[in-house]
Structure formats: structure tokens, C-alpha cells
Amino acid sequence: METRTLGRLTVPAQGLGCMGMSEFYGTGDQAEAEATIRRALDLGVTFLDTADMYGPFTNERLVGRAIAGRRDEVVLATKFGNERGEDGSFRGINGQPDYVRRACDASLQRLGVDVIDLYYQHRVDTSVPVEETWGVLRELVEAGKVRHVGISEAAPETIRRAHAVQPVTAVQTEYSLWTRDPEDDGVLATCAELGIGFVAYSPIGRGFLSGQFRTLDDLAPDDFRRRNPRFQGENFAKNLELVDRVREIADEKGVTATQLALAWVMAQSGRDGGPTVVPIPGTKRVSYLEENAAAADVSLSEDDLRRIDEAAPAGTTAGDRYPDMSTVHR
């Protein structure tokens, strides 16, 4: 797979989000999840994304087991800041310096590695000046525990303040055909201006753009998407219309709707002077991983991109992307 550069970090053009292997998207199969990660490495999808809060804590251990013996092949990203207890309880967003140090050491231990390639602040703690949190991240880089640092769901001014303390390698935010916010809120422009890479999570719209879901009953009872406003009532029905328009174009090109959605995100990299963009679609099955990886070979012409933009224009998705939007874009 071709590579792209986030700041000074070289990664494949597509990564793998590992969250759903441990939590949120229904019951997981750990053996299949480990097989999926190993297959990703075989295919050159070596940019793996996890976080301490996934599980909680179990996803990092899973990734660590899966990459054992193959560490040198992997660009390993994890996150801190969404603090949870061992019982799964959510304790809040934490950017306190002492917590950041402890979180990093704990992630290194769970992952079974000596250094984290890309360490993200998962959410911004507005009770702590971002300069304090990022001062610790600078220390971690200087200590050799972390190679590069990033930030997730941050507003442009926050990105600038963090970058002034320690260079931001990547900003991670939701971005897809049904989440175009970074185009309008200044995040993509800020990344381009400062030479920061952009990592797009949920590039298939939490799976909705695949067209697999026609009713809420298609989701497992414990799937967190059941609480997502975009999967509710009239929003669900309206968003299905967008999916069907995307699928029509995909059918014409002989690819799946998932592959078209991913190819669109990948095509935004460097478009109109924008930053490098790398999507990290999540999956917990080998078959879906292979489908996703094949999207890297889908070529979209300017006419294709125009048609897709017309089928799924910015602002047409119904519903907020989280039940509580107060912790994003801070």
C-alpha cells in the first residue's frame, strides 16, 4: 500500500481502527480480532489505532498480543484523556500532568512496547490549560517514550496552542461523506497551514455508509450506535436516502459502497491545498478488512468526486454525530 506523511511520520494511506474489537459495536471475537490485525499487517495496513479507554484497557492488550514479534512493522497509535475505571465507569476527561504520565506508562505496559509511535490527547480537558498537558507530552517525547503526538476532536485555536508547545503530528477527527464538519470549522485549514496530518476516524460513517443497516434491529442490542442521533427515527430514514445515492454510484463503478466512501476520504488528501488525510476504518473481521484495504486501489476522477459531492453534499446528514456534543471541538 502507498504511504503518506503525517507531519514527519510516514504511515500507510489507510490505517486500522481497533476500537470495535473490544467494545461499543456489539460482542467481539478476540481470536478473529487478532487474526484481523495480523492480516492487516500482511496487507500493508500497518497503522494501528487504539486507546486506553477502549475496553477499557483490553483493546491495548489485544493489539499488543497481535503485534508481538512484528513490532517493527507497525506504526502504533494510542490515546489518553478519556479516563475510565477498571469496572468500565467513565470518570471524565483528564488532562492533568500527573495523569498523563501515569496513562502513558500504563499504555506502554499493556501494549508490551518500549515506545508509542503516535500518542494522542483523546479529548481536551477544558479545566487544564492545554499548554500544561502538552508540556508533559513534550517531556514524554524527550524521554523516548513517545515518538510523535497528536490531538483528537480539538478546535483550531486549541490545535495552535498545543502546536506551539510541541509539534502536533496529527489531528484525529470524525470525517466522512456524512461528517464534513472539518471542512467548515477550520480544522482542515489549520492542519494544512501548520503542516499537520489529518486522521479520519469513522470514515464509513460508523458503518452506516456500507448500506448494511436498514433498520435499528440490524444492530446488536448492546451496540452503542443505537443511542446515536443519526440512527434514530426520522434521521435514520433520511440518512438512508444518502446511503442509497452513494450506493448507486458505487454500483456503476463496480465497487462496494464502503469502498467508495473510503476512496472519497482518501481522495481528499491534499485536495485544494488541504492537508494529508489518512482514514482509519474500524473492523473486527478479516473479510471486512480486506474489503476496506481494496479501497486504496479505487481511483476517483474529478467527475466522480463531483458526482459524489452532489449525492452527499455537506450538511445533509440528519442528526448530531454524538448524543452529547459537549466534549468535541474544544
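Between Trp264 and Asp304, the side chains place no donor N or O within less than 3.5 Å of an acceptor N or O (distance only, hydrogens not considered). No side-chain donor-acceptor contact under 3.5 Å links Thr50 and Glu60. The closest side-chain donor-acceptor pair between Tyr201 and Glu153 falls under 3.5 angstrom. For the residue pair Gln121/Ser152, the side-chain donor-acceptor check at 3.5 Å is not satisfied. Between the side chains of Arg247 and Thr258, no donor-acceptor pair of N or O atoms lies under 3.5 Å. The closest side-chain donor-acceptor pair between Tyr175 and Glu183 falls under 3.5 angstrom. Of the N and O atoms on the side chains of Tyr54 and Lys79, at least one donor lies less than 3.5 Å from an acceptor on the other residue. Judged by distance alone, the side chains of Asp87 and Ser89 do bring a donor and an acceptor atom under 3.5 Å apart. Using modelled atom types, one finds a donor on one side chain and an acceptor on the other under 3.5 Å when comparing Arg330 with Thr126.
Across every non-hydrogen atom of Ser210 and Ile204, the tightest pair is N-CG2, 3.8 Å. Closest non-hydrogen pair, Val278 versus Gly15, comes out as CG1-N, 4.2 Å. Contact between Glu174 and Ser202 at its shortest, heavy atoms only, is CG-CB, 3.9 Å. The nearest pair of heavy atoms linking Thr317 to Trp178 is OG1-O, 2.9 Å. Residue Ala66 comes nearest to Arg38 through the heavy atom pair O-CG, 3.7 Å, listed as atom of the first residue, atom of the second, then distance. The two residues Ile196 and Pro275 come nearest to each other via the heavy atoms O-CB, 3.6 Å.
With contacts defined as side-chain heavy-atom distances shorter than 4.5 Å, the pair Ser22/Leu62 qualifies. Counting heavy atoms from C-beta on, the side chains of Leu108 and Asp114 never come closer than 4.5 Å. Between Val100 and Glu139, the closest side-chain pair of non-hydrogen atoms is not below 4.5 Å. Side-chain contact between Ile67 and Leu76 is present, with at least one heavy-atom pair separated by less than 4.5 Å. For the pair Phe198/Thr276, no side-chain contact is recorded, criterion being any heavy-atom separation below 4.5 Å from C-beta on. Taking the side chain as every heavy atom from C-beta outward, Val199 and Tyr120 approach each other to under 4.5 Å. Between Cys104 and Ile116, the closest side-chain pair of non-hydrogen atoms falls below 4.5 Å.
Between the side chain of Thr46 and the backbone N or O of Leu41, no donor-acceptor pair lies under 3.5 Å. Of the possible polar contacts, none joining the Glu86 side chain to the Pro56 backbone as a donor-acceptor pair under 3.5 Å is found. The backbone N or O of Gln259 sits less than 3.5 Å from a side-chain atom of Thr256, completing a donor-acceptor pair. Side chain of Asp117 to main chain of Arg147: no donor-acceptor pair is present (N/O by atom type, distance under 3.5 Å, no hydrogens or angles). Checking side-chain atoms of His148 against main-chain N and O of Leu118 turns up no donor-acceptor pair under 3.5 Å. The closest donor-acceptor contact from the side chain of Thr5 to the backbone of Gly7 lies at 3.5 Å or more, if one exists at all. In terms of modelled atom types and a separation under 3.5 Å, the side chain of Gln268 and the main chain of Val277 share no donor-acceptor contact. Judged purely by atom type and a 3.5 angstrom limit, Thr316 has no side-chain atom pairing as donor or acceptor with the backbone of Ala312. The closest donor-acceptor contact from the side chain of Asn228 to the backbone of Tyr322 lies at 3.5 Å or more, if one exists at all. One N or O on the side chain of Asp29 and one on the backbone of Glu32 form a donor-acceptor pair closer than 3.5 Å.
Lys145 and Asp105 are joined by a salt bridge, as a carboxylate oxygen and a charged side-chain nitrogen come within less than 4.0 angstrom of each other. Checked for salt-bridge contact, Asp309 and Arg245 miss the test: no charged N lies under 4.0 Å from a carboxylate O. Salt bridge Arg84/Asp52: absent, no basic N to carboxylate O contact under 4.0 Å. Checked for salt-bridge contact, Arg39 and Glu34 miss the test: no charged N lies under 4.0 Å from a carboxylate O. Under a 4.0 Å N-O distance rule, the pair Arg214/Asp244 qualifies as a salt bridge. Salt bridge annotation for Glu302-Arg307: absent, with no cationic side-chain nitrogen under 4.0 angstrom from a carboxylate oxygen. Contact check on Arg71 versus Glu73 returns no salt bridge, with no Lys/Arg side-chain nitrogen under 4.0 Å from an Asp/Glu carboxylate oxygen.
Taking CZ of Arg206 as the start and CG of Leu219 as the end, the distance is 12.5 Å to the nearest 0.5 Å. Taking OG1 of Thr133 as the reference point, atom CZ of Arg138 lies at 12.0 Å (rounded to 0.5 Å). Between atom CZ of residue Arg102 and atom CD of residue Glu83 there is a gap of 7.0 Å, rounded to the nearest 0.5 Å. Rounding to the nearest 0.5 angstrom, the gap separating the CD1 atom in Ile280 from the CG atom in Asp49 is 3.5 Å. Separation of atoms CG (Leu111) and CZ (Arg61) is listed at 10.0 Å; rounding is to 0.5 Å. Interatomic distance, NE2 of His122 versus CZ of Phe80, reported as 10.5 Å (0.5 Å rounding).
Hydrophobic cluster membership is shared by Val45 and Val255, with clusters built from Ile, Leu, Val, Met, Phe, Trp and Tyr side chains linked at under 4.5 angstrom. In the hydrophobic clustering of this structure, Ile37 groups with Leu43; members are Ile, Leu, Val, Met, Phe, Trp, Tyr whose side-chain heavy atoms approach within less than 4.5 Å, directly or through other members. A single hydrophobic cluster is not seen to contain both Met1 and Val75; linkage of ILVMFWY side chains at heavy-atom distances under 4.5 Å, directly or through other members, places them apart. Grouping the Ile, Leu, Val, Met, Phe, Trp and Tyr side chains by contacts below 4.5 angstrom, directly or via other members, places Leu242 with Leu262. Residues Val165 and Val124 fall within the same hydrophobic cluster, defined by Ile, Leu, Val, Met, Phe, Trp and Tyr side chains chained together at heavy-atom separations under 4.5 Å.
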Steps toward side-chain contact (heavy atoms from CB on, under 4.5 Å) verdict (Thr190, Leu194): CA-CA 6 Å; Thr190 300; Leu194 299 177; 3.9 Å; yes
Derivation of the side-chain contact (heavy atoms from CB on, under 4.5 Å) call for Val149 and Thr169: CA-CA 6 Å; Val149 288; Thr169 291; 5.6 Å; no
Pair Asp324-Ser326, side-chain hydrogen bond (donor to acceptor under 3.5 Å, both in side chains): steps then yes or no: CA-CA 6 Å; Asp324 178 6; Ser326 66; 2.7 Å; yes
Candidate pair Arg230 and Thr179, rule side-chain hydrogen bond (donor to acceptor under 3.5 Å, both in side chains), full reasoning: CA-CA 11 Å; Arg230 294 184 172 182; Thr179 298; 2.7 Å; yes
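Arg161 forms no cation-pi arrangement with Trp134, by the criterion of a distance under 6.0 Å to the ring centre and an angle within 45° of the ring axis. Geometrically, Arg226 does not engage Phe213 in a cation-pi contact defined by less than 6.0 Å to the ring centre and at most 45° from the axis.
Counting non-hydrogen atoms of other residues, nucleotides and ligands closer than 6.0 Å to CD of Glu248 gives a total of 12 or fewer. More than 12 heavy atoms of other residues, nucleotides or ligands lie within 6.0 Å of CD in Glu310, so this atom counts as buried by the packing criterion. The number of heavy-atom neighbours closer than 6.0 Å to CG of Asp303, taken from other residues, nucleotides and ligands shown, is above 12.
For Phe236 and Phe208, the distance between ring centers is under 6.0 angstrom.
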